[in-house]
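Reading through the structure tokens given below for one structure.
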Amino acid sequence: MSERTVRVNYVARVEGEGSLRVRLRERSVEEVELQIFEPPRFFEAMLRGRDAKEAPDITARICGICPVAYQMSACHAIERAHGLTVGGALRELRRLLYCGEWIESHALHIYLLHAPDFLGYPDAVRMARDHREEVETGLALKKAGNTVLRLLGGREVHPVNVRVGGFYRVPSREELSSLVPVLEQALVAAERTVRFAVGLPFPAAEEDYEFVALRHGSEYPMNEGDLVSSRGLRMPQERFEEAFEEVQVPYSTALHARRKGGGSYLVGPMARYALNRDLLPAGARKLAEGVGLEEVVRNPFRSIVVRALEVYAACEEALRLVHRYTPPARPFVELPEGFAGGTGAAVTEAPRGILYHRYEIAPDGLVREARIVPPTSQNQARIEEDLRHLVERSLDLPDPALSDACERAVRNHDPCISCATHFLDLRVEHV
Amino acid sequence: MSSPTRPPLVIGVGRDERGDDGVGLDVARALAESVSGAEVVVWTGELTALLELFEGRPLVIVVDAVRSGAPSGTVHRWELAGGQPFPLPRTVSTHGLSLASVLDLGRSLGRLSERLVVYGVEVGQLGEGSGRSAAVQEAIAIVLERVGREVGAAGPPSPRAATSSGTADA
């Protein structure tokens with residue numbers, strides 16, 4: 001009888017914030033436990049008793065990489081509680097803001113976190129020595145995304161210009177036109193990124209995912225759409241809780257989301273692409289065909305290609321939105337008067353998958369209850385299944401190699417786990 | 001080449017909601033009110049974007065929380081000059097680069113300031129909403145005094161520097 005335990009403290013900055021434990025007995029995988037610290041629970045409690053209109057700014061602080069996603073889900077949920085729909089130029093500005101976030105978030109993951117795995121480097125620093133041009137491309141794309149965020153959001157970190165009903169201030173046509181050369185350059189870099197990603201060497205893997213994403217009638221999903229899945233689910237997004245539930249697991253503060261009556265599911269770029277390929281902007285669709293990207297990607301390691309394609313799609317869509325922009329008459333729409341209290345829920349597509357918010361709001365506008373289900377907790381159970389399969393295929397690897405392989409498998413899904421803190425985990429002494 | 005007119009830059013990084021992890025932010029906010037001759041940035045976001053702020057600076061000072069096993073409130077100081085590797089271990093995560101990694105990446109790409117100083121304050125409590133510990137609050141005053149002295153020693157403020165203090169995230 002032999003027992004092996006492999007531990008991966010892959011968020012080295014914060015021990016215990018995110019870690020993985022795999023226990024093997026003989027040649028079978030006994031346990032796979034992905035441990036994640038999840039900040040939304042704290043924010044849900046913090047929101048109770050606050051003015052609902054504060055929710056977009058408060059929840060934006062959950063993540064330094066995808067604050068727009070939190071702002072968008074919060075705005076839509078609160079507007080839905082008030083029976084308000086925001087359309088026209090304001091709707092398009094929100095979509096443009098989301099494009100900026102997808103570009104910066106995906107570029108970071110592709111070049112600085114994921115690409116080193118395929119090129120045989122321990123990290124982006126070592127990769128930059130031999131692949132400076134690629135790393136510079138990643139930083140340039142990231143900067144382009146941040147430029148969009150800064151112009152529309154007021155700043156790239158935790159944008160301050162978003163409010164329920166729209167924006168505090170909207171850009172003039174001239175201001176928005178300043179993005180054209182930035183986005184045109186980014187589009188070129190994004191095409192290079194897709195070709196770079198598709199040429200990487202990928203390990204063989206095939207997973208039987210249930211993909212879940214939004215699907216909108218006429219556009220690749222960001223802010224709007226029904227909830228759909230690759231196994232036949234289709235329902236209005238505000239009914240999320242009828243189809244999905246969160247369960248507590250003893251080893252993680254993050255709740256595991258599951259399909260009610262079903263199992264794990266996957267959200268994020270692979271799911272969006274599988275369920276919305278036909279709705280990609282024309283250039284992105286053509287590029288996908290040109291590089292031979294399969295219609296449904298089931299090898300999680302190839303998620304980097306889909307992510308790259310979404311960067312291209314976001315640049316293309318952002319340019320379209322900028323070109324057709326006419327400033328709205330007012331920067332925001334007022335909430336209707338006479339609110340008697342109510343509940344609103346909304347789902348939007350964060351870079352790493354669907355993000356659900358629900359707010360129960362009292363007649364005085366204060367939040368009675370908030371619920372936030374981030375994409376990472378939805379993917380957590382599914383990532384564990386990926387890991388279980390990977391370990392079963394890799395039992396002959398020595399522990400260090402197995403540990404590395406597991407870390408890479410987690411990284412396939414860009415989990416949002418280490419944005420909770422920023423402190424350095426030091427192992428050398430300096431006085 | 002750095003422009004002689006660019007003032008020193010002080011960047012405080014961290015997370016407000018995570019107890020002592022917000023120490024860098026506190027230092028930066030206080031400096032924004034008190035120091036002249038430097039630009040000040042409070043940074044709660046992803047860290048690689050900081051490299052855009054470094055270019056052309058004669059001096060950048062970063063203040064962050066650290067954990068090395070020393071008593072909480074201990075103040076560390078590192079200085080990088082001449083292109084040598086940064087004396088902090090690189091760390092890897094699945095979703096973002098650590099400050100040490102970002103600084104090393106900046107060095108690799110030639111994007112750092114001429115002089116780079118990092119102040120690290122040893123953390124104690126990190127629970128959500130736990131606020132700053134007493135030891136870290138004491139350390140804030142020490143870091144403020146030392147950073148203020150370093151900014152002063154970097155030279156008289158240029159006309160631009162005297163009016164450019166501000167925060168990216170207040």
Side-chain angles (χ1 to χ4, degrees), chain A residues 10-15 18 39 41-43 45-46 61-65 67 104-105 108-109 112-113 116 122-126 128-129 132 135-136 138-139 142-143 146 155-158 160 352 376 407 410-411 413-431, chain B residues 13-24 42-49 51-52 64-70 74 76-78 87-109 111 118 120-123 126-129 167-170:
Chain A
Y10 55 85
V11 185
R13 286 185 296 164
V14 191
E15 278 178 28
R41 299 281 90 85
F42 168 67
F43 283 86
M46 188 205 280
R61 294 183 172 273
I62 292 174
C63 182
I65 297 179
E104 64 88 16
S105 174
L108 170 75
H109 191 262
L112 299 176
L113 296 168
D123 55 40
V125 179
R126 246 67 70 93
R129 292 176 195 161
R132 181 182 178 125
V135 173
E136 293 278 16
L139 291 174
K142 207 173 167 310
K143 187 174 180 178
N146 282 338
R155 61 187 183 194
E156 63 268 54
V157 181
H158 301 141
V160 290
R352 44 198 61 72
T376 294
E407 187 176 328
V410 173
R411 201 146 39 226
H413 299 294
D414 190 13
C416 190
I417 48 185
S418 65
C419 48
T421 57
H422 284 286
F423 62 85
L424 299 163
D425 193 5
L426 287 175
R427 293 195 174 88
V428 291
E429 287 187 14
H430 295 271
V431 179
Chain B
V13 301
R15 288 297 294 263
D16 263 328
E17 296 82 13
R18 298 301 306 273
D20 289 342
D21 191 34
V23 61
V42 178
W43 194 265
T44 57
E46 191 279 319
L47 297 175
T48 55
L51 294 178
E52 293 167 28
D64 197 1
V66 301
R67 185 168 64 180
S68 71
T74 301
H76 308 264
R77 180 187 181 279
W78 299 269
L88 296 173
R90 264 192 301 277
T91 54
V92 178
S93 89
T94 61
H95 182 60
L97 270 67
S98 69
L99 178 62
S101 294
V102 168
L103 297 180
D104 229 359
L105 182 64
R107 185 182 62 80
S108 251
L109 300 174
R111 287 186 172 213
V118 176
V121 177
E122 194 75 23
V123 294
L126 295 163
E128 298 154 290
T167 64
D169 178 16

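Both backbone and side-chain heavy atoms feed into the values below; hydrogens, waters and symmetry mates do not. We name chains A, B, ... by the order of the sequence lines, and we start the count at 1 in each one.
- Minimum interatomic distance between B:L109 and A:R132 (heavy atoms only, all atoms of both residues): O-NH2, 2.7 Å.
- With a threshold of 4.5 angstrom between heavy atoms, A:V160 does not approach chain B through any atom at all.
- In this structure, the side chains of B:D104 and A:D123 stay at 4.5 Å or more apart for every pair of heavy atoms.
- Proximity of a side-chain donor or acceptor of A:R129 to a complementary backbone N or O of B:S108 within less than 3.5 Å is not detected.
- The side chain to side chain donor-acceptor pair (under 3.5 Å) check on B:E52 picks up nothing, with sequence neighbours excluded.
- The two residues B:R15 and A:I62 come nearest to each other via the heavy atoms NH2-O, 3.3 Å.
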* **Audit row: A:L112, B:L105, side-chain contact (heavy atoms from CB on, under 4.5 Å) steps and yes/no** => CA-CA 10 Å; A:L112 299 176; B:L105 182 64; 3.9 Å; yes

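- Using a 4.5 Å cut-off between heavy atoms, A:E136 contacts chain B through its side chain alone, with no backbone atom that close.
- Separation of atoms CD (B:E17) and CE (A:M46) is listed at 5.5 Å; rounding is to 0.5 Å.
- Atom OG1 of B:T48 is separated from atom NZ of A:K142 by 3.5 Å, given to the nearest 0.5 angstrom.
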